[in-house]
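So the structure is just underneath, and the comments pick up after that.
Positions are given from 1 along the sequence.
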Amino acid sequence: MTSASDLKGRIDGIADIEKLTKAMYLIASTKVTRARAERDRTQPFFDAIEKEIKRAFERLEDLDSPYYLSPDSQDQRSGPSAIFVISSDRGLAGAYNHNIMKKVQTLLGQVGESRLFILGTYGQRYGRRHRLPLEEDFNYRAQEPSLDLARDLASGFLEKYQAGQIKDIWIVYTDFQNQLSREVKLVRALPFSSGLFKDPLDSQEDFVFLGSPEKVVSQVIGSYLTGFIYGALVDSFCSEQSARMDAMSTAQQNAQAMLEDLTLAYNQLRQETITQEITEITAGAKAQKKKRRR
């Protein structure tokens, strides 16, 4: 039979866990707010670059660029596909990492030869355990997103693309819309396809390029890829923290339910103990009273 001291120890332990999950929930919430605010400050610049690239691709049907694949043409580039995967360094985030790696496994079966660049120790461990085509020297951690990290990643991928070491660049990340909406997405960042820029231009005014359109696109492609990766990093980071908030919220609810059950059991046991003690005292008093009468 469980003693009152054992129940009290379990109650104290679960109460400590509840405090910890609450603290982790608040920390994750703060990180989401900070990351979104930082992205909002930089997003207008990258939106402007995307708009100019959209101008070139929508107005110039005969644009000859290694970064663009028209709807009527087939990709003639050879080599493996680069798959950039954004996972996390830690768990305690529900099915966040599992959903990402499930999407990666699906993509690997579609693209053929590939080179896997995984951000985050969780995804890297998964890749080694399942013997995926992992780039072992790609050891970036899933730290809080920054433009410096995005520039570094974009520069590395663009260098490989321009050198012909990879034929295209895919990005697997988790898109964050709000606390209730997260979706693992797969996007081909390079070469561009006609469906990448879905929104129509705001205006139809004529414009001219200073230099050739191909040269303009080549000059802004690095900034565009940086912005694309930075947005994916922020969305993934927010999604991870959001998933962790959900997990911690569920853990708190479970802890509260367990505390209620244990507290009820503890109070019942105490009541039984008190009742037993009163009964023993009463029985002893009656015995002493009978003894004195004799």
R131 atom CZ, over 12 foreign heavy atoms within 6.0 Å: no
Audit row: V187, W170, side chain to side chain contact (heavy atoms under 4.5 Å, CB included) steps and yes/no: CA-CA 6 Å; V187 179; W170 297 81; over 6 Å; no
Got a sec, which pairs hit ring-ring contact (aromatic ring centres under 6.0 Å, His included) with one end in residues 78-108, sequence neighbours left out? F84-F157
Taking all atoms of both residues into account, what is the closest heavy-atom pair of A154 and L225, and its distance? O-CD2, 3.7 Å
Within a radius of less than 6.0 Å around CD of E159, do more than 12 heavy atoms belonging to other residues, nucleotides or ligands occur? no
Side chain to side chain contact (heavy atoms under 4.5 Å, CB included), that's the test. Do M245 and M24 meet it? Break it down for me. CA-CA 8 Å; M245 289 169 62; M24 293 180 67; over 6 Å; no
Measure the CD1-OG1 distance between I100 and T174 for me, rounded to the nearest 0.5 Å. 3.5 Å
Under a single-linkage definition using a 4.5 Å side-chain heavy-atom cutoff for Ile, Leu, Val, Met, Phe, Trp and Tyr, are F237 and M101 assigned to the same hydrophobic cluster? no
Looking only at heavy atoms, what is the nearest atom pair of D89 and G120, with distance? OD1-CA, 3.3 Å
Walk me through it: do D246 and R182 pass the test salt bridge (Lys or Arg N to Asp or Glu O under 4.0 Å)? CA-CA 12 Å; D246 289 346; R182 300 183 300 270; 3.1 Å; yes
How far apart are the closest heavy atoms of L134 and Q124, and which atoms are they? CD2-O, 3.7 Å
Would you mind checking if D261 and R10 are paired as a salt bridge, meaning a charged N to carboxylate O distance below 4.0 Å? no
Find the distance between CZ (F228) and CD1 (I169) and round it off to the nearest 0.5 Å. 10.5 Å
Examine distances only and state if a side-chain atom of D152 and a backbone atom of D148 form a donor-acceptor pair shorter than 3.5 Å. no
Between L190 and D168, does the side chain to side chain contact (heavy atoms under 4.5 Å, CB included) criterion hold? Intermediate values first, please. CA-CA 5 Å; L190 285 178; D168 49 19; 5.9 Å; no
Excluding sequence neighbours, so at least two apart, what forms ring-ring contact (aromatic ring centres under 6.0 Å, His included) with Y122? none
Of all the heavy-atom pairs spanning Y230 and P145, show the shortest one and how long it is. CE1-C, 4.1 Å
For side chain to side chain contact (heavy atoms under 4.5 Å, CB included), just list the numbers for L119 and V85, CA-CA rounded to whole Å, side-chain angles, deciding distance to a tenth of an Å, and then say yes or no. CA-CA 6 Å; L119 180 77; V85 183; over 6 Å; no
Interatomic distance, CG@L26 vs CE@M248, rounded to 0.5 Å, equals 12.0 Å
May I ask you to decide if A247's main-chain N or O and R244's side chain share a donor-acceptor pair within less than 3.5 Å? no
Are Y25 and L20 linked, directly or through other ILVMFWY residues, by side chains that come within less than 4.5 angstrom of each other? yes
Is a side-chain N or O of T226 found less than 3.5 angstrom from the main chain of G222, in a donor-acceptor match? yes
Between OG of S87 and CG of N99, what distance do you get to the nearest 0.5 Å? 12.5 Å
Residues K167 and S81: closest non-hydrogen pair is CE-OG, 3.4 Å
Mind checking whether T121 and R90 have side chains closer than 4.5 Å, heavy atoms only? no
Taking it one step at a time, do Y140 and F138 satisfy ring pair (Phe, Tyr, Trp, His ring centres under 6.0 Å)? CA-CA 6 Å; Y140 289 92; F138 190 83; 4.8 Å; yes
Give, for atom CG of L233 and atom CG of L147, the distance between the pair rounded to the nearest 0.5 Å. 9.5 Å
A side-chain contact here means heavy atoms from C-beta on lying under 4.5 Å apart; do L116 and V104 qualify? yes
Side chains of Y173 and D235, heavy atoms from C-beta outward: is any pair under 4.5 Å? yes
Would you call L264 and Q268 a side-chain contact if the rule is heavy atoms closer than 4.5 Å? yes
Is there a side-chain contact between I221 and L158, using heavy atoms and a 4.5 Å cut-off? yes
To the nearest 0.5 Å, atom CD1 of I17 lies from atom CE of M258 at 7.5 Å
Between S236 (side chain only) and A232 (backbone N and O only), is there a donor and an acceptor less than 3.5 Å apart? yes
Do R128 and E136 have side-chain heavy atoms sitting under 4.5 Å apart? yes
By the side chain to side chain donor-acceptor pair (under 3.5 Å) test, which pairs, at least two apart or in different chains, include something from residues 109-120? R115-E135
